[in-house]
Amino acid sequence: MNTVLPKCLCHCNTRRLSLHRMGIALMGLCLTYLLLLIACLCLSGMLLGERTSSMNDKFNTMIRNSRSMADTNRMAGKATNENFLPRVLALVFPQFHSDPLNDYLWGKGFTDWENLRKAPRKNRNGHLIPRPTELGYYNLTDTEPRRQQGQLARRYGIDGFVYHHYWFYDDAHPGPTLQAPLEKMLEDGHPDLPFALHWCAVKWTNTWSGQVQEDFVYKEPGVLQKQYFPTDPNDINITKHYNWLRQFFHHPNYIKVNGGKPLFMLYQKKPGAMVVLRRLAELAKQDGFGGLYLTVGLTKPHQDLLIVKDDEAQFPAKKIKAEMERVLRFQLYDKIVAYPNPSDWAVNRSLEIPEWCGTLGHRRTRDIAGIISSFDNTPRRSYEDANLFATGDPDEIVERFRKSLHAALYYEACCFLSSSDIPSKEQQQDDDRFVLINAMNEWAEGMALEPSDVYGRRFLEAIQATKQSVSLQKCERQ
């Protein structure tokens, strides 16, 4: 950089000493400026270093926080997905109303309440037989009891009802039976709850303790009502069946899964029913649905939740998987229900979370867990012949139920780590994970979630508490 000196220094004739002194002064001045400059630079460097260090610290803290936040979000997301519970469904017995077929078989106005009213106060083991309290001996064609059923379900976490559906193809009593409460539901909207239908496509047999009408003639020994199945898929009666079903399939509360398919359940494996089900699914496609989501019940333990020894089961445990594969090989049923029937191999046992739960290498089985609340069919049988599968101390019965429900919920919510097995929140209404409880109101067999004089609301409270527990547990084993 060029330096311009003052004009006086250029025109003065001074002595060399003066110039020398002036040079020294200038050098001193420059040195002073240089020292000041160095000091400023050092100070700036210190300040910059501190600022840089502070910024680095803040940046590192931000990175750590962001990583922590990411981990938190990831874990929260994982917990949300893993604790995304399956839907808890309860079977509903619609028989509590006057029905023409029951009138014909048992007398005018007969319902299962008659069996319960005539039953002894206690069973042969000395345990109380539950009776209804809050809802009373209701008529399901009335709006109020159905409204109360829905209120109880919503309050305590039952996600939907599965109504037993009866349809016969014989000439004597064709069409629906015990359907009046369902048709009333369409009229008045109660219960306002998701629901599905469960086709009990079996013959009715006289295994009850009651006596049929004197003029009734058995066509087969012990058979009250025969179940026939059309062999021709184009049989007009199958179309009539679908035309009756579609009023429910199109209801906004009807449970639909897997792309909007109505859930339709079959009580037991019946080869003759396959023609009917395939045709019903075709008609559903023609009606704007993607088909039907079909399940079939098998009396067997759940493949993962209840391990039995070969000598404990009605068929060897090692054949359970093979039986499931054989049924699913027909490519008709989407899932199998480990139907909650009383069975010797399940006496005094609860469902259990498998040891491998939460580890890699396991995929979700096509098996729906079924759970019995309690069971005592003394009202329908003779005193000595009754099946007392789940009866006894109320504390023990409720606790066994709670353990089974906890295992089933935790299994579906937490045992499978593959992302393809974890449904998103948006898929909730399309989710095909269910737990099926038997039953909301099968009073003459002692299976009732509804309030009773023996259990109160304890089964309902157990459902609510167990769902909350699994949700808060965050898939950690207790």
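Values below: every heavy atom of this structure, side chains too, minus hydrogens, waters and symmetry copies. Along the sequence shown, residues are numbered consecutively beginning with 1. In this text, all values refer to a predicted model and were calculated from it rather than measured experimentally.
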Residue pair Tyr169, Asp235: steps toward the side chain to side chain donor-acceptor pair (under 3.5 Å) verdict: CA-CA 10 Å; Tyr169 281 93; Asp235 192 310; over 6 Å; no

Can Phe375 and Met447 be said to form a side chain to side chain contact (heavy atoms under 4.5 Å, CB included), step by step? CA-CA 5 Å; Phe375 192 93; Met447 296 187 294; 3.6 Å; yes

Yes or no on side chain to side chain donor-acceptor pair (under 3.5 Å) for Asp188 and Thr143, after CA distance, side-chain angles and deciding distance? CA-CA 7 Å; Asp188 58 34; Thr143 301; 2.8 Å; yes

CA sep, side-chain torsions, deciding dist, call: Phe93, Trp443, side chain to side chain contact (heavy atoms under 4.5 Å, CB included): CA-CA 9 Å; Phe93 187 48; Trp443 284 98; over 6 Å; no

Just do the side chain to side chain contact (heavy atoms under 4.5 Å, CB included) check on Arg279 and Val275 with the steps written out, would you? CA-CA 6 Å; Arg279 180 56 177 162; Val275 172; 5.7 Å; no

Side chain to side chain contact (heavy atoms under 4.5 Å, CB included) between Phe168 and Trp204, intermediate numbers included: CA-CA 11 Å; Phe168 295 105; Trp204 287 8; 3.6 Å; yes

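Counting non-hydrogen atoms of neighbouring residues, nucleotides and ligands closer than 6.0 angstrom, the CG atom of Asp232 exceeds 12 such neighbours. Summarising the local packing, CD of Gln331 is surrounded by 12 or fewer heavy atoms from other residues, nucleotides or ligands at distances under 6.0 Å. Remark: Gln148 CD is packed, more than 12 non-hydrogen atoms of other residues, nucleotides or ligands lying under 6.0 Å away.
Under the 6.0 Å distance and 45° angle rule, Arg278 does not count as a cation-pi partner of Phe330. A cation-pi arrangement is present between Arg117 and Tyr137, with the terminal nitrogen or guanidinium carbon under 6.0 Å from the aromatic centre and inside a 45° cone about the axis.
A pairwise comparison of heavy atoms in Leu306 and Ala346 identifies CD2-CB, 4.2 Å as the closest pair. For the pair Arg146 and Thr141, the tightest heavy-atom approach, listed with the atom from each and the gap, is NH2-O, 3.5 Å. In plain terms, the two heavy atoms of Ala462 and Arg402 that are nearest each other are CB-CB, 4.5 Å. Here the shortest heavy-atom pairing between His97 and Pro181 reads CE1-CD, 3.3 Å. For Ile463 against Leu449, the heavy-atom pair with the smallest separation is CD1-CD1, 4.0 Å. In plain terms, the two heavy atoms of Pro174 and Ala172 that are nearest each other are CD-C, 3.5 Å.
Side-chain atoms of Ile255 and Tyr293, non-hydrogen and from C-beta on, never get closer than 4.5 Å to each other. Put simply, the side chain of Leu292 reaches to within 4.5 Å of the side chain of Phe249, judged on heavy atoms. In this structure the side chain of Ile129 reaches within 4.5 angstrom of the side chain of Leu116, judged on heavy atoms. Here the side chains of Phe459 and Leu405 are not in contact, with every heavy-atom distance at 4.5 Å or above. Looking at Gln95 and Thr111, their side chains come closer than 4.5 Å, going by heavy atoms from C-beta outward. Two residues are said to be in side-chain contact when any heavy atoms from C-beta on lie closer than 4.5 Å; Gln303 and Met324 meet this criterion. Looking at Met185 and Pro191, their side chains come closer than 4.5 Å, going by heavy atoms from C-beta outward. Looking at Tyr411 and Thr365, their side chains come closer than 4.5 Å, going by heavy atoms from C-beta outward.
Cys414-Cys357 SG separation is not under 2.5 Å; the pair is not scored as a disulfide.
To the nearest 0.5 Å, atoms CG (Leu91) and CD (Glu442) are separated by 8.5 Å. Between atom CG of residue Asp376 and atom NZ of residue Lys122 there is a gap of 13.0 Å, rounded to the nearest 0.5 Å. Between the OG atom of Ser374 and the NE2 atom of His127 there is a distance of 12.0 Å, given to the nearest 0.5 Å. One finds the CG atom of Leu85 at 4.0 Å from the OG atom of Ser471 (value rounded to the nearest 0.5 Å). Going from atom CG of Leu135 over to atom CE of Met440 covers 7.5 Å, rounded to the nearest 0.5 Å. Atom OG of Ser404 is separated from atom CD of Glu399 by 10.0 Å, given to the nearest 0.5 angstrom.
Aromatic ring pairs are classed by plane angle as parallel below 30°, tilted from 30° to 60° and perpendicular above 60°; the pair Trp167 and His165 is tilted. By the 30° and 60° cut-offs, the orientation of the rings of His173 relative to Tyr104 is tilted. Ring planes of Tyr163 and Phe161: perpendicular class, angle over 60° (limits at 30 and 60°). Using a 30° and 60° split on the angle between ring planes, His198 and Tyr267 fall in the perpendicular class, above 60°.
Counting only N and O atoms by type, the side chains of Glu396 and Asn348 include no donor and acceptor under 3.5 Å apart. Checking Trp244 against Glu183 by side-chain atom types alone, a donor-acceptor pair falls below 3.5 Å. A donor atom on one side chain and an acceptor atom on the other are found under 3.5 Å apart for Asn115 and Asp112. Side chains of Thr391 and Asn123: a donor-acceptor N/O pair is present below 3.5 angstrom, by distance only. Of the N and O atoms on the side chains of Asn341 and Ser343, not one donor lies less than 3.5 Å from an acceptor on the other residue.
Partner Gln225 forms a side chain to side chain donor-acceptor pair (under 3.5 Å) with one of Asn206, Thr177, Thr205, Asp170 and no other, that one being Asp170.
Put simply, the side chain of Asp334 gets close to the backbone of Leu294: a donor and an acceptor are under 3.5 Å apart. Asn377 places a side-chain N or O within 3.5 Å of a backbone atom of Asn387 that can act as its donor or acceptor partner. Here the side chain of Asp103 pairs a donor or acceptor atom with the backbone of Gly109 at under 3.5 angstrom. A donor-acceptor contact shorter than 3.5 Å is absent between the side chain of Glu450 and the backbone of Gln149. With Lys203 contributing its side chain and Val223 its backbone, the two residues share no donor-acceptor pair below 3.5 Å. Of the possible polar contacts, none joining the Arg457 side chain to the Leu152 backbone as a donor-acceptor pair under 3.5 Å is found.
Evaluation of the salt bridge (Lys or Arg N to Asp or Glu O under 4.0 Å) rule for Glu445 yields Arg380 as partners, not counting sequence neighbours.
Screening residues 283-292 for side-chain hydrogen bond (donor to acceptor under 3.5 Å, both in side chains) gives Tyr242-Asp287, Arg246-Asp287, His250-Asp287 as the qualifying pairs, with residues at least two apart or on separate chains.
Salt-bridge check for Asp395 with Arg458: passed, with a basic side-chain N closer than 4.0 Å to an acidic carboxylate O. With respect to Asp453 and Arg121, a salt bridge is recorded, a charged nitrogen being found less than 4.0 Å from a carboxylate O. Here Lys300 pairs with Asp367 in a salt bridge; the nearest charged N to carboxylate O distance falls below 4.0 Å.
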